[in-house]
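Worksheet: one structure, shown below.
Residue numbers count from 1 along this sequence. The shown structure was predicted, so the numbers you read here are calculated from the model rather than taken from an experiment.
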Amino acid sequence: MEGGGDSPTGTGKSMIAFKLAEDHKNSRVCWASPSAYIFQTQLENLKREGGSDFGNIVFLTYAGLMKMESGLLSGLLPDYIVLDEFYRCGAAEWGKGVRFF
């Protein structure tokens, strides 16, 4: 999924990505975010609104991605990649994990 960089916080970019995961339950989604807190908060908001359980999403933080061994990274084999708060991938260290994809 491209774009969204010009849309401010709270406009639903993550909800679009969750809808993609919901509509493609047989696909593996790798979701990277600056923190587990952000991801958990989004899931909690979805559940309050009656959203699905997302067993097809593999969640990683940017810091975790940069520290992950290449063998584990190559085993992810995602069908879709969501880079939440993508602008943070420009950071020298966090960007290292994203370059794998």
**Asked** Donor-acceptor pair, D79 side chain versus R28 backbone, under 3.5 Å?
**Response** yes
**Message:** Using the side chain to side chain contact (heavy atoms under 4.5 Å, CB included) criterion, which residues pair with T61? Sequence neighbours excluded.
**Reply:** F59, A63
**Asked** Under 3.5 Å, side chain of Y62 to main-chain N/O of D84, donor-acceptor pair present?
**Response** yes
**Prompt:** Between NZ of K25 and CD1 of I57, what distance do you get to the nearest 0.5 Å?
**Reply:** 9.5 Å
**Item:** Distance, nearest 0.5 Å, that separates CD of Q42 from OH of Y37
**Value:** 11.0 Å
**Request:** Find the distance between CG (L83) and CH2 (W31) and round it off to the nearest 0.5 Å.
**Result:** 10.5 Å
**Asked** With sequence neighbours left out, what residues match E22 under salt bridge (charged side-chain N to carboxylate O under 4.0 Å, His left out)?
**Response** K19
**Contact summary for F18 and F54, nearest pair of heavy atoms** = O-CE2, 3.2 Å
**Item:** Flag, side chain of N56 to backbone of H24, donor-acceptor distance under 3.5 Å
**Value:** yes
**Prompt:** If you measure from CG on L76 to SG on C30, what distance do you get to the nearest 0.5 Å?
**Reply:** 5.0 Å
